[in-house]
Amino acid sequence: MRVPVAIIGAGPAGMLLSHLLAADGVESVIIEARSEAYVLARIRAGILEQSSVQLLRSVGLGRRLEQEGMEHRGIYLQIPGERHHLDFVDLVGRSVWVYGQTEVQKDLVGARTAGGQRIFYEAGDVALHDVTTECPHVTFAAADGTPQRIDADVVVGCDGSFGPSRSAIPDGVKQVWQYTYPYSWLGVLADVAPSTDELIYAWHPDGFALHSMRSPDVSRFYLQVPDDTDVNEWSHRQIWDALARRLGEGIDDWSLQTGPITECSVLPMRSYVQSPMRYGRLFLAGDAAHIVPPTGAKGLNLAIADVALLAPALTALLKHHSGPADAYSDAALHRVWRCTHFSWWMTRMLHQSGDPFDAQLQLSQLRWVFTSDAAATGLAENYAGLPLEGPDRTIFRAPGTADTSTGKGQTYSPSA
Ligand code: APR
Ligand code: PHB
């Protein structure tokens with residue numbers, strides 16, 4: 001089989017890339033190791049930056065997001081006895097949306113199925129070949145075991161942190177930076193109405209806690225736990241007690257509503273950046289090139305920002321044999337490092353490290369954010385997200401969308 005673009009991985013990066021390419025008339029095939037049902041059921045983060053929402057809307061993926069997503073003006077940040085609201089709209093003129101990655105994935109699968117996208121699910125032994133030539137190819141075993149080969153002009157690795165694409169860039173060429181945090185999150189999904197109108201990020205001597213949500217009837221919570229925690233060590237009663245304590249039950253009569261827990265898992269936390277994100281005819285996007293700890297919910301937004309850059313760059317490369325493909329890696333890494341720093345900063349500010357000196361510095365930093373507009377604006381600017389940029393550093397705007405967020409910058413149109 002021959003196709004202009006072979007995409008490895010059907011997560012949000014791979015699916016959105018195929019959607020943007022199709023809108024520009026560029027055909028692609030997606031090769032995914034898991035089943036469609038597995039990919040659709042994965043529970044991940046749930047916050048979209050304003051520019052991610054604008055992009056999804058502008059390419060026809062905004063209908064359910066508008067009906068079911070919840071627009072939030074900001075977040076609550078708290079220390080014991082004090083809950084402070086940071087209003088991103090007042091601070092930086094941008095909001096965020098609560099809309100689960102699971103829902104984004106459903107919208108993408110629906111749109112790509114309607115668009116006739118070819119996707120090989122349950123592919124085995126996926127391998128990349130000849131990526132430094134003009135004729136790269138991908139081999140794999142299809143779900144029924146038959147060997148397959150896809151010849152492409154370009155291969156895009158959207159296969160997350162465990163896929164084969166990132167290691168197709170040889171050691172002498174790639175540089176890797178990584179950091180493993182000495183704690184994990186216990187993630188909890190519960191059938192209970194949120195006990196808050198916006199997310200609560202809570203610093204607490206027992207460890208960090210986060211109250212997030214998925215819908216008016218479903219809440220999402222996280223608790224800082226030691227790295228080697230077995231999820232079965234925590235009874236549902238212990239989880240609710242720890243959440244109530246850390247989230248500040250009793251502050252101004254606030255109380256945490258409880259309900260049936262439907263999912264519980266332990267998530268390790270790590271930062272990882274690999275450079276370059278292009279090697280010959282191989283391009284990396286999303287978790288294949290970078291991982292951030294979940295504090296601040298940047299992972300999905302970064303994957304969206306990567307493919308917003310990559311799709312027009314690939315279209316220009318394939319149609320005109322020129323354009324911004326050479327600039328993709330540097331332009332994407334610019335944002336990747338900003339988000340890597342922000343996620344690290346939020347994580348380090350809010351989690352107990354066990355060192356009492358660290359704890360005092362964290363409290364001082366949090367009080368600075370509570371009381372200084374400059375500090376609060378810095379957090380808001382990063383959390384609500386920077387506008388999407390083209391590789392030439394102009395503001396990205398999909399065709400036909402008005403930029404209501406900044407009023408600045410030139411149009412960077414994927415079909416320009
Ligand atoms: N062959 C084919 N596909 C593979 C392989 C392989 N060998 N290994 C992994 N994959 C698939 C995974 O099954 C998954 O569906 O690649 C896909 C990668 O998707 P994600 O992990 O969702 O990564 P990405 O699309 O970059 O999205 C980033 O996901 O992990 C979160 O926090 C992250 O929210 C962010 C978003
Ligand atoms: C989530 O809802 O899963 C979520 C929200 C905010 C975060 C991390 C995760 O910072």
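We count ligands from 1, going down the list as the structure has it; atoms in each ligand are counted the same way.
- The closest protein non-hydrogen atom to atom 2 (C) of ligand 1 is Ala33 N, 3.3 Å.
- Taking only non-hydrogen atoms, the option from Gln101, Arg34, Arg42, Glu122 nearest to atom 14 (C) of ligand 1 is Arg42.
- Among protein heavy atoms, atom 26 (O) of ligand 1 sits closest to Asp287 N, 2.8 Å.
- Looking only at protein heavy atoms, the nearest one to atom 29 (O) of ligand 1 is Arg44 NH1, 3.0 Å.
- Taking a 4.0 Å cut-off on heavy atoms, Pro164 registers as neighbouring ligand 1.
- Listed by atom number, the atoms of ligand 1 under 4.0 Å from Gly286 heavy atoms are 26 (O).
- Not a single salt bridge (Lys or Arg N to Asp or Glu O under 4.0 Å) links Arg44 to another residue, sequence neighbours left out.
- Screening Val273, Leu333, Ile291 for a side chain to side chain contact (heavy atoms under 4.5 Å, CB included) involving Thr340 leaves a single residue, Val273.
- Any N or O atom pair closer than 3.5 Å counts here, and Gly14 shares no such pair with ligand 1.
- The ring-ring contact (aromatic ring centres under 6.0 Å, His included) test applied to His129 returns His137, not counting sequence neighbours.
- Arg246 forms no cation-pi arrangement with Phe221, by the criterion of a distance under 6.0 Å to the ring centre and an angle within 45° of the ring axis.
- Enclosure of atom CG in Asp252 is not indicated, since only 12 or fewer non-hydrogen atoms of other residues, nucleotides or ligands lie within 6.0 angstrom.
- Between Ala13 and ligand 1, an N or O atom pair is found at a separation short of 3.5 Å.
- Within the structure, the side chain to side chain donor-acceptor pair (under 3.5 Å) test picks out the following pairs touching residues 206-217 (sequence neighbours left out): Asp206-Arg245.
- Those atoms of ligand 1 that come under 4.0 Å of a heavy atom in Ile8, given as number and element, are 1 (N), 2 (C).
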Mind listing the N or O contacts between ligand 2 and protein, cut-off under 3.5 Å?
{"from": "ligand 2", "atom 1": "2 (O)", "to": "Ser212", "atom 2": "OG", "distance (Å)": "2.6"}
{"from": "ligand 2", "atom 1": "2 (O)", "to": "Arg214", "atom 2": "NH1", "distance (Å)": "2.8"}
{"from": "ligand 2", "atom 1": "2 (O)", "to": "Arg214", "atom 2": "NH2", "distance (Å)": "3.4"}
{"from": "ligand 2", "atom 1": "3 (O)", "to": "Arg214", "atom 2": "NH2", "distance (Å)": "2.8"}
{"from": "ligand 2", "atom 1": "3 (O)", "to": "Tyr222", "atom 2": "OH", "distance (Å)": "2.5"}
{"from": "ligand 2", "atom 1": "10 (O)", "to": "Tyr201", "atom 2": "OH", "distance (Å)": "2.6"}
{"from": "ligand 2", "atom 1": "10 (O)", "to": "Pro294", "atom 2": "O", "distance (Å)": "3.3"}
{"from": "ligand 2", "atom 1": "10 (O)", "to": "Gly296", "atom 2": "N", "distance (Å)": "2.8"}
{"from": "ligand 2", "atom 1": "10 (O)", "to": "Ala297", "atom 2": "N", "distance (Å)": "3.4"}

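- Here the heavy atom of the protein found nearest to atom 16 (O) of ligand 1 is Asp159 CA, 3.2 Å.
- Residue contacts with ligand 1: Pro12 is included, with a non-hydrogen atom under 4.0 Å away.
- With respect to the salt-bridge test (charged N to carboxylate O, under 4.0 angstrom), the residues Arg220 and Glu263 qualify.
- For the salt bridge (charged side-chain N to carboxylate O under 4.0 Å, His left out) criterion with Asp107, the lone passing option out of Arg112, Arg57, Arg64, Arg63 is Arg64.
- Taking the charged nitrogens against the carboxylate oxygens, Arg73 and Asp90 do have a contact shorter than 4.0 Å, which makes a salt bridge.
- Applying the 6.0 Å contact sphere to CZ of Arg34 captures no more than 12 heavy atoms from other residues, nucleotides or ligands.
- Counting only heavy atoms of the protein, atom 8 (N) of ligand 1 lies nearest to Gly163 CA, 3.5 Å.
- At the shortest separation from atom 1 (N) of ligand 1 among protein heavy atoms lies Val126 CG2, 3.4 Å.
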